[in-house]
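Notes for the one structure printed next.
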Amino acid sequence: MKREIITTGDGSTTIHLPEWEEQYHSKHGAINEAKHVFIETGLYPLLEKHSLEKVKILEIGFGTGLNALITALENQKLQKEMQYVGIEAYPVTVAEALKMNYADELKQEEAEEVFKELHQIPWEEAKPITPTFTLTKRKQLFEEIQDQNEYDLIYFDAFGARVQPELWTVAIFEIMYKALKQEGILVTYSAKGSVRRAMQEVGFEVERLPGPPGKREMLRATKK
Ligand SMILES: C[S@@+](CC[C@H](N)C(=O)[O-])C[C@H]1O[C@@H](n2cnc3c(N)ncnc32)[C@H](O)[C@@H]1O
């Protein structure tokens, strides 16, 4: 599928799929969305609730690596022992990924080095990216994930239900529920009623919370 790079509302880039009229991130701001949904509404509340020293994160849709980058950089402050698994069936090329302007826009020490490293490591192997952040990139369909009771946190960042409705179903959330530990949480930018109901059907407790810029609400689901 054809991929084009566009600039979003906060100055950070994303990939646009013209055939689907869909983006890898919010048009209102890729970095702002990633920070709000995954870090501020996912990672920090998880750590406030549970005093974890080791944190295991599953990302649904590794894509450009923005969420992994922001998480690795945030962990320079948090200093947790973080293991991050990014699932992606259709990886972007390293050359494409390195055209994204995240390292410049984040203006954080080591951003460039970390971003390059997370794209250049091989797939299917756990590799340390920083002293506190180990990444495993798995080339796999979400539908085929079989991990059980492994993760504290899931970043559910699939393309929207408008273009991939099959990824926002009871069957997929069942896989996510199994992959999480008890009290583990899943965050997503979506706030659709049908998504919330599918999550509740598999046993998640679901909260509707303020969304990132340009979006009123988002969802956070806890495994009970
Ligand atoms: C919204 S983008 C992810 C954006 C990413 N988190 C980032 O920070 O750039 C969704 C991703 O899911 C991938 N994808 C779509 N369908 C998939 C499937 N069935 N299994 C695995 N990956 C899939 C796409 O290739 C795309 O990279």
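Indexing begins at 1, ligand by ligand and atom by atom, following the structure's order.
- Each side-chain hydrogen bond (donor to acceptor under 3.5 Å, both in side chains) pair with one or both residues in residues 33-49, not counting sequence neighbours, appears once here: Y44-E74.
- A side-chain donor-acceptor contact under 3.5 Å links E22 to the backbone of G160.
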What are the polar N/O contacts of ligand 1 with the protein below 3.5 Å, with distances?
from     : atom 1 : to   : atom 2 : distance (Å)
ligand 1 : 6 (N)  : E59  : OE2    : 2.8
ligand 1 : 6 (N)  : G61  : O      : 2.6
ligand 1 : 6 (N)  : N67  : ND2    : 3.3
ligand 1 : 6 (N)  : D157 : OD2    : 2.7
ligand 1 : 8 (O)  : H25  : NE2    : 3.0
ligand 1 : 9 (O)  : H25  : NE2    : 3.1
ligand 1 : 9 (O)  : T64  : N      : 2.7
ligand 1 : 9 (O)  : T64  : OG1    : 2.5
ligand 1 : 16 (N) : Q164 : OE1    : 3.4
ligand 1 : 16 (N) : Q164 : NE2    : 3.2
ligand 1 : 19 (N) : E143 : OE1    : 3.1
ligand 1 : 20 (N) : F142 : N      : 3.0
ligand 1 : 22 (N) : A89  : N      : 3.2
ligand 1 : 25 (O) : E88  : OE2    : 2.6
ligand 1 : 27 (O) : E88  : OE1    : 2.5
ligand 1 : 27 (O) : E88  : OE2    : 3.3

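- The main-chain N or O of A126 is never found under 3.5 Å from a side-chain atom of T134 such that the two would form a donor-acceptor pair.
- A 6.0 Å sphere centred on NZ of K192 holds no more than 12 heavy atoms belonging to other residues, nucleotides or ligands.
- Around NZ of K80, the count of heavy atoms belonging to other residues, nucleotides or ligands within 6.0 Å exceeds 12.
- Residues A191 and E217 come closest through the heavy atom pair CB-O, 3.4 Å.
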